[in-house]
Structures are given as structure tokens and as C-alpha cells.
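Contents: one structure, followed by commentary.
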Protein chains: 2
Amino acid sequence: MADNASGSDSLLFLTDDQLRKGIEAMFFAYRGFTADPDRILEGLDYGRAHHRAIHFIHRAPGMTVSSLLGILGVTKQSLNRVLRTLFDDGLVEARVGKTDKRERRLHLTDKGASLERALSDAQRARMRAAYRAAGPQAVQGFRTVLEAMMDPEMRRQYQGLREDSP
Amino acid sequence: MADNASGSDSLLFLTDDQLRKGIEAMFFAYRGFTADPDRILEGLDYGRAHHRAIHFIHRAPGMTVSSLLGILGVTKQSLNRVLRTLFDDGLVEARVGKTDKRERRLHLTDKGASLERALSDAQRARMRAAYRAAGPQAVQGFRTVLEAMMDPEMRRQYQGLREDSP
DNA sequence: CAAACTACGTCAGCCTTGTTGACATTGTAA
DNA sequence: TTACAATGTCAACAAGGCTGACGTAGTTTG
């Protein structure tokens, strides 16, 4: 790492000004990142919190409530408020755990999967456009830096499990 | 999409799975991105909203309220609640505009500048570590993708003005 | 088996930060 | 002078965080 780029400019990318640029880039880009799903959710009585729950339930069907809590990093009271509306509206269903009956394994219903698709189509469209505009090299770098920016515990979640692994 | 396979490296980075990875990377990385300043702010009676205001006032001293509104993308009522506490606590001061006396040009006081430094030191430390771990090439890609992800209007803000330009 | 622990749900109350809508004040510009 | 612009402010509301306390099943352990 930190090998030189052209002659001696090696560490110029670590100047405070470059870092500030990176910080602001995160701020402005995150707004774009959430803008399209937010537009879909507004008026539906759902918010970003619902989107996050739906996303991760889709990504790992059969996930327990507590592993979802771990990924989202919120309290169970907060998550529960969201999950309750998703149950009531028939977007998510909870199946009692097979080996451990205390667990609720979370699954999207067809209706939930359909909303998930709408949301992630919108979000992916922007991501795809950005990826395409930037090119594969840039995408590689993008992911590398983001990964290095995560807390170690979150990095584990990120690289983590499809199902669950006790 | 999902056209040709390997031949060239061509489009494999645009698969839905790669895009999902990128989406989750944004989610987890943004948490890390805000974690350190949040820790400093907690207990100080300030939140992320105060941090953002302080950051942009520092970046462009003499900024008017309405251009700050434009950058932050919130309502004036919401911003005002934040600015009021910053005035009251003597972190920010407003000077009446020279040519247009309706304007309030915002500046950090010494006290404000000192909090700004604490916050941005913390945030830069993480960013610097990530940059260093990833290397200059990756950083270049990181910025390129983020920039492509912004809404055009935000991109203008991002690349934008130091002072203001009427 | 009984006791302790775990997974989950829920009630109640609080905080920050966003929103609308309405209205006032002070300048500037036509 | 009249219209518009920049700012502040009051009030009410919503989303989505938080803490603390308590309840109920089900599992594990001594």
C-alpha cells in the first residue's frame, strides 16, 4: 500500500484537503444513494427503516430477529415498530424456528418481495449508472475504500453469512 | 443486462450481485463514517445536524444562511433550530452582509473552530486510515464512483464554491 | 425437575431532526 | 411606494432513534 503513483506525489492523496473532499463526497453521495428508494417509500407509510429491514430479509431469508438486529444496529424496540407494520401489511412473515422454537425466521411474502424489487431496482439503477460511468477499475477502488472505512464488526457482517452459522 | 461472460473483464462488474455488494458497502461504510464524530457529539447536546452545519460553515466562512440551506437540503425551520443553539452557545456568529444587509454571513468563533477541529480530526483519522489501507488508485476510484452517484445538483455543490458567487 | 437464561414482544416516555403552514421584520429593487 | 427577498419564529406533527421495565415461551443447566 501507499506505493508511489507518479514520481514523488505518493502521499498527496492523504492531505487534509483530499480527506475533506472524500468526506464531502460521502455526504453528498449518500444522499443520492437513498434518494430513489425514498421517493418510492414516501406516501406508502414506509420509511428508510422499512427499506433496510426488507433489504436484509430479502438478502438472507430465514434470518432471525436477533441477527437482523445485529446487522441493523438498532434496538429491538425500534426494529419491532418497523417489523410490526410489515407483518400487519403482509409484506413479511415470521415462521417459528425449526430447532429452536423461540426464534422467528423472517421471510418476505410475495407482496414484500415485490416491494423489495421495486426498491432495489431503483437503487441499483443509480448504482449501475455510476458504476458504468466510472468503470471497473474505479468500482474496485470504491469497494476497497468503503470496506476499509467500516468498523471491523460491520465488515464481518458485510462479508458475512448467507444463512446463519451458529 | 447480464450479457457476455468473461472474454474481456467487460460487464461482470455490473451484475446485480455486484451492485448489491456496492449498496451494502455504502450502508455499512456510512455507519463507520459517522461513528467517530457521533461519539464526540453525544453528551454535548449536539447531533449530526450540528456537525453538518459546523462543517460547511468551516469550509466556506461567510456563507449565507440560504446557501447553507441549499447545501444541507433541509428546511429553514429545521436549520434554524440548529443554528440557534450554535449561536447561543457561541460556536457560530452571524455578521450582517456588507452589500446586502439582509444576509447573515456565518462564521465559526474560536470555540466553534475548536469543536470543528475535534470532529474533523476524528473523521479524517478514519478516512486517512481507509485511504492509506486502500492506496491512491483505489481512492481515485472511490471518488469517481461517489461523484457519479450524486444528484447533478449535489455534484455542483460538491465541486462548488469556496465563497459564494452571485 | 427446578432454576436460570435466551429470544422475542410490548408498553411508556423521551429525544433529535425532519416536515408544513402561517406570519413578522428588515432590507432591496422595480 | 410597492413588490419581492432573506431571515427568523411559532406551532404542530411524524419518523425513527433511545432507555427502562415487564411478560411469555422455550431451552439449557445444575
Side-chain angles (χ1 to χ4, degrees), chain A residues 27 30-31 34-35 37-55 57 62-89 92-106 164 166, chain B residues 27 30-31 34-35 37-55 57 62-89 92-106 164 166:
Chain A
F27 173 69
Y30 199 78
R31 290 251 286 276
T34 56
D38 281 358
R39 250 186 303 271
I40 293 175
L41 292 160
E42 103 180 351
L44 275 166
D45 265 22
Y46 300 130
R48 235 175 253 182
H50 300 82
H51 181 192
R52 293 198 276 259
I54 288 173
H55 173 96
I57 293 170
M63 169 172 269
T64 65
V65 171
S66 63
S67 50
L68 185 53
L69 279 175
I71 285 182
L72 296 178
V74 299
T75 59
K76 66 174 176 174
Q77 293 91 329
S78 195
L79 175 58
N80 219 261
R81 183 163 39 198
V82 166
L83 280 184
R84 193 156 17 169
T85 76
L86 295 177
F87 290 146
D88 291 353
D89 297 355
V92 171
E93 63 181 21
R95 304 179 194 153
V96 171
K98 248 192 159 173
T99 66
D100 188 335
K101 292 178 187 162
R102 291 169 305 178
E103 296 174 339
R104 304 292 144 106
R105 321 296 292 222
L106 302 170
D164 46 338
Chain B
F27 173 69
Y30 198 78
R31 289 251 287 277
T34 56
D38 282 358
R39 251 187 301 272
I40 293 175
L41 292 160
E42 103 181 351
L44 275 166
D45 264 21
Y46 300 130
R48 234 175 255 183
H50 301 82
H51 181 193
R52 292 198 277 260
I54 288 173
H55 173 96
I57 293 170
M63 169 173 267
T64 64
V65 171
S66 64
S67 51
L68 185 53
L69 279 174
I71 286 181
L72 296 178
V74 299
T75 59
K76 65 174 176 173
Q77 293 92 329
S78 194
L79 175 56
N80 219 261
R81 185 163 37 200
V82 165
L83 280 183
R84 193 157 17 172
T85 75
L86 295 177
F87 291 145
D88 291 353
D89 298 354
V92 171
E93 63 181 21
R95 303 177 194 157
V96 170
K98 250 192 157 175
T99 67
D100 187 335
K101 290 179 188 164
R102 290 170 305 179
E103 296 174 341
R104 302 295 143 104
R105 321 295 293 220
L106 302 170
D164 45 338

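Below, all heavy atoms of this structure are taken into account, side chains as well, without hydrogens, waters or symmetry copies. Order of the sequence lines fixes the chain letters, A, B, ..., with proteins taken first and strands second; residue numbering starts at 1 for each chain.
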Within this structure, what is the NE2-to-C1' distance between B:H50 and C:dG18, rounded to whole angstrom? 13 Å
A:R52 has a side chain; which of C:dT20, D:dG8, D:dG17 sits nearest to it? D:dG17
To the nearest Å, how far apart are B:E42 CD and C:dC15 P? 16 Å
Could you check whether the rings of B:H55 and B:H51 sit parallel, tilted or perpendicular, using 30° and 60° as the cut-offs? perpendicular
5' priority, DNA chain D, between A:T99 and A:Q77 [closest heavy atom]: A:Q77
Rounded to the nearest 0.5 Å, how far does CG of A:L69 lie from CE of A:M63? 10.0 Å
Nearest whole Å is fine: how far is D:dC22 P from A:K76 NZ? 13 Å
Take the protein atom CD1 of B:I54 and the nucleotide atom P of C:dT17, then report the distance between them rounded to whole Å. 11 Å
Which is true for A:R84 with a 4.0 Å heavy-atom rule: it touches a base, it touches only sugar-phosphate, or it touches nothing? sugar-phosphate
Mark yes or no for a side-chain to base donor-acceptor pair under 3.5 Å between A:R102 and D:dA25, with no hydrogen or angle criteria applied. no
Would you mind reading off the distance between B:N80 atom CG and D:dA11 atom C1', rounded to a whole angstrom? 14 Å
Quick check on DNA chain D: between A:K101 and A:L79, whose nearest nucleotide comes earlier from the 5' end? A:L79
To the nearest 0.5 Å, tell me how far B:R52 CZ sits from B:I71 CD1. 12.5 Å
Measure distances between side-chain N and O atoms of B:R104 and base N and O atoms of D:dT7, and say whether any donor-acceptor pair falls under 3.5 Å. no
For a quick test of reading the model: is some side-chain N or O of B:T75 closer than 4.0 Å to OP1 or OP2 of C:dT19? yes
Sole residue of B:T64, B:L86, B:V65 in side chain to side chain contact (heavy atoms under 4.5 Å, CB included) with B:L106: B:V65
Any salt bridge linking A:R105 with A:E103? Criterion: basic side-chain nitrogen under 4.0 Å from a carboxylate oxygen. yes
Looking at C:dT28, C:dT19, D:dT7, which one has an atom nearest to any side-chain atom of B:T64? D:dT7
Which listed nucleotide (C:dG18, D:dG16, C:dG9) is nearest to the side chain of B:A49? C:dG18
Looking across every strand, which nucleic acid part, if any, lies under 4.0 Å from B:R81 by heavy atom: base, sugar-phosphate, or nothing? base
Tell me: CZ of B:R105 to P of D:dG8, nearest whole Å? 13 Å
By the 4.0 Å heavy-atom rule, please label B:S66 as base, sugar-phosphate, or nothing. sugar-phosphate
In this structure, how many angstroms lie between the P atom of D:dG16 and the NE2 atom of A:H51, rounded? 13 Å
If I take atom CG in residue B:L69 and atom C1' in nucleotide D:dG8, what distance separates them, rounded to the nearest angstrom? 11 Å
